[in-house]
Amino acid sequence: MRCKYTNSFNIQTILFYKKFITFRTFTKIQKIAMQNIQSYIQEHKDKFLTELIELLKIPSISADSAYKKDTIKTADVVAKSLKEAGCDVVEICETKGYPIIYAHKIIDKNLPTVLVYGHYDVQPPDPIELWDSPPFEPVIKPTDLHPDGAIFARGACDDKGQMYMHVKAMEFMTSQNQLPCNVKFMIEGEEEVGSVNLAKYVKENQEKLSNDVILISDTGMIAKDTPSITTGLRGLSYVEVEVTGPNRDLHSGLYGGAVANPINVLTKMIASLHDENNHITIPGFYNNVEELSTEERAQMAKAPFSLENYKNALDIESVYGEAGYTTNERNSIRPTLDVNGIWGGYTGEGAKTVIASQAFAKISMRLVPNQDWKNITTLFKNHFESIAPKGVKVKVTPHHGGQGYVTPIDSIGYKAASKAYQDTFGKIPIPQRSGGSIPIVSLFEKELKSKTILMGFGLDSDAIHSPNEHFGVWNYLKGIETIPSFYKHFTALSK
């Protein structure tokens with residue numbers, strides 16, 4: 001018995017030391033790899049920033065046809081950068097709208113494949129007068145959160161800066177012979193207008209786009225010292241409404257009080273879409289809303305958040321929203337309805353006493369998982385038309401939308417992302433649901449049968465879609481440093 005015990009002990013000891021030595025060797029290799037990329041980034045920092053600044057100078061506003069040439073030019077620049085980054089195949093794929101850039105580097109068909117998605121189009125910069133510097137003349141200047149500087153320009157964070165991190169990470173991996181798996185890129189130019197042609201492209205190119213995981217950086221993280229991975233996105237339904245009254249603009253003295261004023265009517269209709277608890281009043285709107293358990297809400301509440309800092313950053317005295325939910329819950333796990341723009345009548349200098357013939361508004365509804373955006377659009381249309389008073393005509397025009405998305409935290413992709421953040425931040429990232437929407441993510445899962453990992457490096461304070469959008473230089477470079485670690489861990493975990 002003693003001899004048997006001794007042999008068992010020896011074998012266990014040998015296995016332990018073998019495992020220990022392997023761990024130490026891996027740790028040493030890992031440390032060298034991190035030092036390698038950090039040195040590469042420092043050596044090429046000026047180049048990385050200059051290239052991004054040149055990309056940001058191009059006003060690729062997909063929503064405005066006046067910028068069509070600029071948007072197409074941006075596609076050409078992105079395609080060239082992917083070629084220079086080491087992709088063997090780069091294609092500019094024409095659509096009925098703006099081109100989709102496809103590129104790949106296949107090193108071994110037996111290895112896993114990562115598909116990187118991003119977009120090169122940007123939001124309109126309006127209102128221009130609120131920018132501290134021109135939106136397409138990028139400047140780098142320090143801020144309280146970015147003492148080492150932030151790049152101020154439209155698209156700096158959403159999504160040119162974050163998309164370009166992947167291009168530069170690819171450049172590092174190919175130039176240093178450290179690419180551990182196959183990589184495909186799909187960069188589109190219509191994300192800000194609903195990815196209207198991407199769905200068709202994905203359906204027609206399923207084999208070409210086949211992958212083991214999709215990687216996107218079009219989200220944010222909690223803070224520079226608190227990395228997080230976005231595990232949920234809200235869906236979207238975007239509509240435009242039009243209220244028409246008399247057949248022409250009328251003198252407000254001669255006709256005021258006698259005919260329906262479309263602007264007055266529209267504002268009353270919009271106001272009626274929420275009750276006193278800021279609950280949306282459209283019948284059936286909440287029918288399929290996912291209700292999170294008390295335990296899940298408690299886990300979400302662990303994310304660091306200061307309500308006072310939140311209010312101070314926005315210069316508001318109080319928060320506002322649906323009763324019964326916290327600020328973080330209102331902007332992530334609850335659906336919303338917001339007016340994005342409203343106009344009608346005379347808005348020029350001085351006075352013009354008219355009753356406008358028409359009034360308009362653009363309205364977006366952010367949706368949570370299980371809410372179908374097409375169904376919600378129909379519910380909105382039917383309800384809005386039903387509450388119109390006599391004397392006006394109402395027209396609802398759907399624009400675009402998409403489904404919400406939740407990704408599991410036990411997948412290989414999530415685990416690889418978590419390990420990558422641990423490599424570069426020294427902390428385990430917090431899973432976090434986002435209030436934003438990337439409508440094509442649910443489409444990817446449906447058509448390509450693969451999960452999406454959302455590794456964002458922006459901050460809530462980066463003012464995306466707003467004047468003075470910016471992206472921290474530190475965040476930009478940290479993204480380039482972290483992305484190669486994802487590839488390495490995903491490849492290792494996939495074996």
Side-chain angles (χ1 to χ4, degrees), residues 61-67 123-130 192-194 196 235-285 316 320-322 335-367 373-401 437 465-467:
I61 307 169
S62 55
D64 191 338
S65 59
Y67 296 92
Q123 282 274 325
D126 307 83
I128 297 290
E129 66 273 12
L130 296 183
E192 299 294 5
V193 291
V196 289
L236 174 68
S237 170
Y238 195 96
V239 300
E240 183 173 327
V241 298
E242 175 184 325
V243 175
T244 303
N247 59 7
R248 64 185 187 277
D249 289 357
L250 302 177
H251 189 290
S252 64
L254 298 177
Y255 291 93
V259 297
N261 183 323
I263 298 176
N264 292 352
V265 170
L266 175 60
T267 55
K268 286 182 179 180
M269 293 172 68
I270 290 173
S272 75
L273 295 175
H274 292 89
D275 64 17
E276 66 277 7
N277 292 315
N278 291 313
H279 198 83
I280 297 165
T281 58
I282 299 171
F285 188 88
I316 57 176
Y320 184 88
E322 186 181 1
T336 61
L337 185 152
D338 287 291
V339 178
N340 303 130
I342 185 167
W343 68 100
Y346 181 72
T347 58
E349 185 177 353
K352 183 181 181 183
T353 53
V354 295
I355 295 174
S357 171
Q358 292 181 301
F360 306 84
K362 293 181 185 290
I363 297 173
S364 65
M365 290 160 280
R366 299 289 176 168
L367 313 175
W373 76 271
K374 292 181 180 179
N375 178 54
I376 292 297
T377 302
T378 299
L379 290 177
F380 175 91
K381 183 178 185 297
N382 292 341
H383 177 68
F384 205 73
E385 290 173 347
S386 73
I387 62 175
K390 292 181 179 180
V392 298
K393 296 184 287 291
V394 171
K395 179 182 179 182
V396 177
T397 304
H399 277 288
H400 62 271
S437 304
H465 291 208
S466 302

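Since we're looking at a predicted model, the values are computed, not measured. Counting begins at 1 with the first residue of the sequence.
Atom-to-atom distance recorded for Asp126:CG and Ile61:CD1 is 7.5 Å, nearest 0.5 angstrom. Interatomic distance, Ile263 CD1 to Phe360 CZ, rounded to the nearest 0.5 Å: 10.0 Å. The NE2 atom of His274 sits 7.5 Å away from atom OG1 of Thr336, with the distance rounded to the nearest 0.5 Å. In this structure, CG in Asn382 is found 12.0 Å from CD1 in Ile387, a value given to the nearest 0.5 Å. Rounding to the nearest 0.5 Å gives a distance of 11.0 Å between CG of Asp338 and CD1 of Ile270. Atom CG in Asn278 sits 8.0 Å away from atom CD in Glu322 (nearest 0.5 Å).
Between the side chain of Thr281 and the main chain of Leu273, a donor-acceptor pair closer than 3.5 Å is present. The closest donor-acceptor contact from the side chain of Asn277 to the backbone of His279 lies at 3.5 Å or more, if one exists at all.
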Identify every side-chain donor-acceptor pair in residues 346-357 under 3.5 Å, counting partners at least two apart or on other chains, and give the distances.
unit_1, atom_1, unit_2, atom_2, d
Tyr346, OH, Glu349, N, 3.4
Tyr346, OH, Glu349, O, 2.5
Ser357, OG, Pro246, O, 2.6

Got a list of side-chain donor-acceptor pairs under 3.5 Å for residues 391-398, not counting sequence neighbours?
none

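For the pair Asp64 and Pro124, the minimum side-chain heavy-atom distance is 4.5 Å or more. Side-chain contact between Arg366 and Leu236 is present, with heavy atoms from C-beta onward closer than 4.5 Å. Ile363 has its side chain within reach of Phe380: a pair of non-hydrogen atoms, C-beta onward, lies under 4.5 Å apart. Inter-residue side-chain proximity for Pro335 and Phe285 is flagged as met; some heavy-atom pair is nearer than 4.5 Å.
Applying the side-chain hydrogen bond (donor to acceptor under 3.5 Å, both in side chains) criterion to Ser364, with sequence neighbours excluded, gives Asn340. With sequence neighbours excluded, the residues that form a side-chain hydrogen bond (donor to acceptor under 3.5 Å, both in side chains) with Lys362 are Glu240. Residues forming a side-chain hydrogen bond (donor to acceptor under 3.5 Å, both in side chains) with Gln123 (at least two apart in sequence, or on another chain): Glu192.
Ring-plane geometry between Tyr238 and His400 is classed as parallel, the angle between the planes falling under 30 degrees on a 0 to 90 degree scale with a further cut at 60.
For residues 260-272, there are no side chain to side chain donor-acceptor pair (under 3.5 Å) pairs, not counting sequence neighbours.
Between Ile282 and Leu379, the shortest heavy-atom distance links the atoms CG2-O, 3.7 Å.
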